[in-house]
Amino acid sequence: MLMPVDPGHDWSVTPKEAIALQRILAARVHLQSGPKQVRCVAGVDTGFVDHGRMARAAVVVLSFPELVPLETRIALEPTPFPYIPGLLSFRELPVVLHALEKLSILPDLVLCDGQGIAHPRRLGIAAHLGVVTGLPTIGVGKSRLIGDYREPGMEKGCVAPLMDAKQRIGTVVRTRRAVRPLFISPGHRTDHVSAVEWTLACTGRYRLPEPIRMADRVASARRGSERNSVR
DNA sequence: GCGACAG
DNA sequence: ATCTTGTCGC
């Protein structure tokens, strides 16, 4: 249990309290050049079971740059909060933190499914996770929450800035030729440039970077894994 | 009031 | 997120 057991703050809040909390926590986000060396990178994602009543978080730690999975942990708990655009972290982070606590390996960087600072109050789930754990994080969104942008080129590696209120809040990145782009934004202790660099460094033949892909697979897997491994 | 809206 | 098989395209 190398990860902080400290929940960071009270998670039983109302939507109004959650928004007020985001405004406070957003001031603690640090945009920096990112970690100098990354020996292992983690990917986190959450899936839902039983009609959304249970939340299952998965965290997978991979070696870098080999991207070989080293450790996988899961946490399953009752879903604590409804899905409200802009308040996703209050629904998914509690169980994600419990999955992270089970790790024996401390990751140097964490890729999170969802936005970083590309959020109305600049505190998407990746930024929130970073502030609470102190770990460098990057937000990897599969679609846009807020912000305007020009469609990036169709080749892998093409990028376009994601803007809101005349400020840059992220980067729209084509991680694979001719596929929908990803919305990359700094979470905590990373910046626009490093967030895109690390994301591409973790991306192979697929649209999603390996850490996210692997966590996704585990979090969304049918009970056990009979529909996959077996047969 | 109307439209948008991560997972 | 989740409900769900085969199928079109590179």
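Per chain, numbering begins at 1; letters A, B, ... match sequence-line order.
- Residue contacts for A:His51: at a heavy-atom cut-off of 4.0 Å it reaches no nucleic acid atom on any strand shown.
- At most 12 heavy atoms of other shown residues, nucleotides or ligands fall within 6.0 angstrom of atom NE2 in A:His30.
- Heavy atoms of A:Phe48 sit under 4.0 angstrom from primed sugar atoms or phosphate atoms, though from no base atom.
- Within the 4.0 angstrom heavy-atom criterion, only backbone atoms of the sugar-phosphate kind lie near A:Gly47; the bases stay farther away.
- For A:Arg53, the CZ atom is densely surrounded, since the number of other residues' heavy atoms within 6.0 Å is greater than 12.
- The nearest pair of heavy atoms linking A:Thr175 to A:Arg207 is OG1-O, 2.6 Å.
- Close approach of DNA chain B to chain A, defined as any atom under 4.0 Å from a non-hydrogen atom of the protein, starts and stops at B:dA4 to B:dG7.
- The CG atom of A:Asp148 sits 7.5 Å away from the CG atom of A:Leu162 when rounded to the nearest 0.5 Å.
- The residue A:Leu87 sits close to a base: some heavy atom pair falls under 4.0 Å.
- Residue A:Gly86 is classed as a base contact, given a heavy-atom separation below 4.0 Å to a base.
- Side-chain contact between A:Leu87 and A:Ile19 is present, with at least one heavy-atom pair separated by less than 4.5 Å.
- Contact annotation for A:Ile146: no contact, since no heavy-atom pair falls under 4.0 Å across all strands.
- Heavy-atom neighbours of A:Arg168 CZ from other residues, nucleotides or ligands within 6.0 Å: above the threshold of 12.
- Using a cutoff of 4.0 Å between basic side-chain nitrogens and carboxylate oxygens, A:Arg122 and A:Asp164 are scored as salt-bridged.
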Anything under 3.5 Å between a protein N or O and an N or O of nucleotides 8-10 of chain C, put it in a table, one pair a line.
none

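- For CD of A:Gln37, the number of neighbouring non-hydrogen atoms (other residues, nucleotides, ligands) closer than 6.0 Å is 12 at most.
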